[in-house]
Novice: 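Input: one structure, supplied below.
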Amino acid sequence: MIRHAVPADVPALVALEAVFPTDRMSARNFQDLLRRGRGTVLVYEEGSALLGDAVVHYRRNSSTARIYSLVVEPAQRGRGIARQLLAAAETEARARNCLALRLEVRPDNTHALRLYRDLGYREERRLEQFYEDGSPAVRLSKNLRHH
């Protein structure tokens, strides 16, 4: 089931972030996001286990939301969890009157790139030295008005 994260989820969210090689969200990042409301943290939960999450940021005076993080526990990949989280993030963004959703992904993350493209995300451009470790990113976006 997908639901909004609560402060008690922060340790599990930080553990999920450990999947990423760099640019991980910290406990403080999650706590601030949950407290200030400038974003949405959605979690995929089975029983009492968090198997994935999606973090969406919103900027004032912008009709574009940004997926800051989308992660699924490695042992749970291939079950459609990321697809469900992404659909829920798009629904949240539409509810906030956003017209587009944008994200960045490492070019070597072929599984994520395929998923995003299959779901209607289009490549905007490549960003050199985007991540903390100097790796590039591919920026993708989706027009939410027509989907």
Novice: Begin with the C-alpha distance, continue with both residues' side-chain angles, and end with the deciding distance and a verdict on side-chain contact (heavy atoms from CB on, under 4.5 Å) for Leu127 and Glu104.
Specialist: CA-CA 9 Å; Leu127 304 166; Glu104 292 82 25; 3.9 Å; yes
Novice: More than 12 non-hydrogen atoms from neighbouring residues, nucleotides or ligands closer than 6.0 Å to CZ on Arg38, yes or no?
Specialist: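 No, because the 6.0 Å sphere around CZ of Arg38 holds 12 heavy atoms or fewer from other groups.
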Novice: Are Val19 and Leu50 in one and the same hydrophobic cluster, where Ile, Leu, Val, Met, Phe, Trp and Tyr link if side-chain heavy atoms are under 4.5 Å apart?
Specialist: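 Result: yes, single cluster for both.
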Novice: Does the side chain of Ser135 come under 3.5 Å of the side chain of Arg106 through a donor N or O and an acceptor N or O?
Specialist: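 Yes, because at least one side-chain N or O of Ser135 sits under 3.5 Å from a partner of the opposite role on Arg106.
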Novice: Test side-chain contact (heavy atoms from CB on, under 4.5 Å) on Leu86 and Ile67; report intermediate values, then the result.
Specialist: CA-CA 9 Å; Leu86 201 52; Ile67 295 181; 3.0 Å; yes
Novice: Would you say the side-chain atoms of Ser62 pair up with the backbone N or O of Tyr58, donor to acceptor, closer than 3.5 Å?
Specialist: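 Here the side-chain-to-backbone pair does not exist.
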Novice: Specify the closest pair of heavy atoms between Val105 and Ala112, including all atoms of both residues, with the distance to one decimal.
Specialist: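 The answer is CG2-CB, 3.9 Å.
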Novice: State, to 0.1 Å, how close His4 and Asp9 come at their nearest heavy-atom pair, and which atoms those are.
Specialist: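 Closest approach of His4 to Asp9, heavy atoms only: O-OD2, 4.4 Å.
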Novice: Would you name the heavy atoms of Gly120 and Lys142 that are closest together and state the gap between them?
Specialist: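 Gly120 and Lys142 have their closest heavy atoms at O-CG, 3.8 Å.
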Novice: Taking 4.0 angstrom as the limit, do Arg126 and Glu128 come out as a salt bridge?
Specialist: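 The answer is yes: the pair qualifies as a salt bridge.
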Novice: Return the SG to CG distance between Cys98 and Leu144, rounded to the nearest 0.5 Å.
Specialist: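 With rounding to 0.5 Å, SG (Cys98) is 7.5 Å from CG (Leu144).
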Novice: Would you say Gln76 and Arg79 are linked by a side-chain donor-acceptor pair, where the criterion is simply a distance under 3.5 Å?
Specialist: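 Yes, side-chain donor-acceptor contact under 3.5 Å.
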Novice: Using a 6.0 Å cut-off, check whether atom CZ of Arg59 has over 12 heavy atoms from anything other than its own residue.
Specialist: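 12 or below, so no.
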Novice: Please check if the side chain of Asp118 supplies one atom and the backbone of Leu115 the other of a donor-acceptor pair under 3.5 Å.
Specialist: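 It does not hold such a pair.
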Novice: Can a salt bridge be assigned to the pair Arg139 and Glu123 using a cut-off of 4.0 Å between side-chain N and carboxylate O?
Specialist: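 No.
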Novice: At their closest point, which heavy atom of Leu85 faces which heavy atom of Val43, and how far apart are they?
Specialist: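 Smallest heavy-atom distance, with atoms named: CD2-C, 4.1 Å.
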